[in-house]
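Okay, here's the structure, questions in a sec.
Just so you know, these numbers come straight off a predicted model, no measurement behind them. Just so we're on the same page: letters track the sequence lines, and every chain starts at 1.
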Amino acid sequence: KHDPEVSSDGIGKPINDSPKPNLDEAKKPPDSKKVKVGSASERNVEMKGKIRLLKKKPADFDPNMVACWEKGERVPFLFLSLAFDLISNETGRIVITDIVCNMLRTVIATTPDDLVATVYLAANKVAPAHEGLELGIGDASIIKALAEACGRTESQVKSQYKDKGDLGLVAQASRSSQSMMRKPDPLTVIKVFDTFRLIAKESGKDSQEKKKNRIKSLLVAATDCEPQYLIRLLQTKLRIGFSEQTLLAALGQAAVYNEQHSKPPPNVQSPLEEAAKIVKQVFSILPVYDKIVPALLTGGVWDLPKSCGFTPGVPVGPMLAKPTKGVAEIINKFQDIDFICEYKYDGERAQIHYMENGSVEIYSRNAECNTGKFPDVVAAISRLPSPPLHQAKHTGQNFSSESFLTMPVRKKSSVKSFVLDCELVAYDRVQKKILPFQILITRARKNVVVSEIKVDVCIFAFDILYLNGQPLLHEQLKVRKERLYDSFEEEPGFFQFATALTSNDLEEIQTFLNSAVSSSCEGLIIKTLDRDATYEPSKRSLNWLKLKKDYMESIGDTLDLVPIAAFHGRGKRTGTGFSEAELEERSASLRSKVIPEPKSYYRCSEMMKPDVWFETT
DNA sequence: TTTGGCTGCCC
DNA sequence: ATTCTGC
DNA sequence: GCAGAATGGGCAGCCAAA
């Protein structure tokens, strides 16, 4: 099993020491038990010829069309790379979804055991977000590995990167110069995925060296377009116009074509669209491919919501809010609909899971596990149900002392499990004041010990997604709010409900917004109560609107100023409050006001040497 | 033991 | 987090 | 309006070099 191809120059055009690609190979009957004939490079040529077939409409596609490996054989990484390459030449989402759908069907038809790894690579992830497994590899490490693998200096690689603008292309252009006695075995999807996970798990002394060597070993074995996509996967920047949402849709559609037993429910108009929707929804509630993919293979799409439902301890995608420009717009959008306005606290989103066995997990907005970052919050939450308030007050517990453990979040005794949607906000318990976000992010982040905490936080709860074994996602916000208020007692400075107002009066809301801002909040979040008011995980729904103070006028932090001088350059433009258009307009209007010297009455530091002076306007 | 580059994650 | 873009 | 890509500020944690 050797490979005749020892030297090869590179990219693009097929490498041809093997003049006659054996196209008949594909027509061999599938029952052929013979040891496979032909070298790896012959198979690669065949694969490159056939990959285009992935673009066929899924209805006309046969999952055995493209596969040039035996059933049960590991899926070649080249297959996935070629599919990526095919996608990179497309712009339409429908075509891309078809390609991915057919790609997945091919894997299902040949080596379903590889489907999970294929899906993870396609999603460009090594594990579910809440497991906290990260590659720990960035451009700098990749450049090092690349330089070593190709026998170049880092600066050579860097300048080529600057030139081409893409490290993947750099890898593509520079074949490994490592002299090999024998070409390594072809890469497989499983091999690449497993190596990625090993890279992620490496830590401690010499870990960087080990990671680098693993990257090099992959690069050495990579052919054709494999280097490019290996590198882009390591960068977590596939940039081919394909990402998770499209993958989920394709997964759903692939499952429809793969259905052997169950049929879509009779009321379904468009099974493909419906399947895509189901998989997306299910993933937003249980973002774990290791669960979804096997369930899809054994039970099909239509039963997926049954087999993969909300699971305590696994974070649900947080519902997001759409930006709006002012109170008027809100009144307009929600006329005749009941809605609630809440303070938008300037802290960190937290989804707090309290399990029946008493354990607690805290997840960030991006589903990262933050349990180890907020042991103080865990301590508060994990207190067993405390006695009713009036009793607690007289049991000698010291509610004002330093010991946070005596400051429980009061749960009603009937509360056995829940998931809360909250904002954790830096809080000064002495001054009884909310502290800015900048203070919050100075908190230590890993393995935090309660006694060493320097920045306290107050939990501001605004929603409840699960209570006593019951998911509440499908309940209207009005119901969820009732559950929330009924299940907990506030404890100022430790656990509070987000300040809220239910009103449809413009003046009243404007006043409320002002009070939010003067209470150190960013603005308001507006949510419908009864209508379309279910919790929609991961969605930036129209039913949650944010109204940030940035958009407001006259909140007291504006100044009237006259520009007298300026510097050229391309400074940061985001966060200035000006749009590109506004900046351009301002720049244009000032250009005509340029004067050669500062007016005599201008006062300016000696250190300050502006590029241009303006006359005042 | 200290420093600084690098990475990931909050917004 | 925001902004831009193609569909 | 959605999905994807690209962008910014600023911090802690990790690791390797100084």
*So what does A:L320 touch, heavy atoms closer than 4.0 Å: a base, only the sugar-phosphate, or nothing?*
nothing

Output one line per pair: protein atom, nucleotide atom from nucleotides 3-6 of chain B, and distance, for all N/O pairs under 3.5 Å.
none

*Partner residues of A:K211 under the side-chain hydrogen bond (donor to acceptor under 3.5 Å, both in side chains) criterion, sequence neighbours left out*: none

_Gap between atoms NZ and P, on A:K373 and D:dC11 respectively (whole Å)_ = 13 Å

*In plain terms, say whether A:D166 and A:K237 are close enough for a salt bridge, that is, a side-chain N and a carboxylate O under 4.0 Å apart.*
no

_Per the ring-ring contact (aromatic ring centres under 6.0 Å, His included) rule, what does the pair list look like for residues 80-102 of chain A, sequence neighbours excluded?_
A:F84-A:Y229

*Check A:A533 against A:T528 and note the closest heavy-atom contact, atom names and distance.*
CB-O, 3.2 Å

*Any side-chain N or O of A:K548 under 4.0 Å from OP1/OP2 of C:dT2?*
yes

*Can you figure out which of B:dC11, D:dG1, D:dA12 approaches the side chain of A:L542 most closely?*
D:dG1

*Flag the pair A:R429 and A:D456 as a salt bridge only when some basic side-chain nitrogen lies within less than 4.0 angstrom of an acidic carboxylate oxygen.*
yes

_All side chain to side chain contact (heavy atoms under 4.5 Å, CB included) counterparts of A:V95, not counting sequence neighbours_ = A:E90, A:I99

*Hey, is the side chain of A:K322 poking within less than 4.0 Å of OP1 or OP2 on D:dC2, counting only N and O atoms?*
yes

*Looking only at side-chain N and O atoms, does A:K446 come under 4.0 Å of OP1 or OP2 in B:dG8?*
no

_Separation of atom CD in A:Q438 from atom C1' in B:dC10, rounded to whole Å_ = 10 Å

*Are A:S364 and B:dC10 close enough that a side-chain N or O sits under 4.0 Å from OP1 or OP2?*
yes

*Rounded to the Å, how far apart are A:F374 CZ and B:dC9 C1'?*
12 Å

*Are A:K333 and A:E329 ion-paired here, with the side-chain N under 4.0 Å from a carboxylate O?*
yes

*C:dG6 phosphate, OP1 or OP2: any side-chain N/O from A:R93 under 4.0 angstrom?*
no

*asked:* Can you see if the side chain of A:N366 gets near the phosphate of B:dG8 - specifically, an N or O under 4.0 Å from OP1 or OP2?
replied: no

_By the side chain to side chain donor-acceptor pair (under 3.5 Å) test, which pairs, at least two apart or in different chains, include something from residues 240-255 of chain A?_
A:K125-A:E244, A:E244-A:Y289

*Any A:K546 side-chain nitrogen or oxygen under 4.0 Å from OP1 or OP2 of C:dT2*: yes

*Which nucleotide in the list D:dC11, D:dG4, D:dA12 gets nearest to the side chain of A:I441?*
D:dC11

_By the 4.0 Å heavy-atom rule, please label A:N447 as base, sugar-phosphate, or nothing._
nothing

*Please work out if A:K210 contacts a base, only the sugar-phosphate, or nothing of the nucleic acid, heavy-atom cut-off 4.0 Å.*
nothing

*When all nucleic acid strands are considered with a 4.0 Å heavy-atom cut-off, which category describes A:R445: base, sugar-phosphate, or nothing?*
base

*asked:* Output the rounded distance in Å from CD1 (A:I240) to C1' (C:dG6).
replied: 16 Å

*Which whole-number value in Å describes the distance from A:E273 CD to D:dC2 C1'?*
14 Å

*Could you check how far CD of A:Q235 sits from C1' of D:dA5, rounded to whole Å?*
13 Å

*Choose from B:dG8, D:dA12, D:dA16 the nucleotide whose nearest atom is closest to any side-chain atom of A:Q208.*
D:dA16

*asked:* Give me each pair satisfying side chain to side chain donor-acceptor pair (under 3.5 Å) with a member in residues 270-283 of chain A, each pair once, sequence neighbours excluded.
replied: none

*Can you check whether A:T91 has a side-chain N or O nearer than 4.0 Å to OP1 or OP2 of C:dC7?*
yes

*In terms of the nearest nucleotide of DNA chain B, which residue is placed more toward the 5' end: A:T236 or A:D346?*
A:T236

*Between C1' of D:dC2 and NZ of A:K277, the distance in whole Å*: 15 Å

*When you get a sec, tell me which of B:dC10, D:dA6, D:dG4 is the closest nucleotide to the side chain of A:E368?*
B:dC10

_If I take atom CG in residue A:D98 and atom P in nucleotide C:dC7, what distance separates them, rounded to the nearest angstrom?_
16 Å

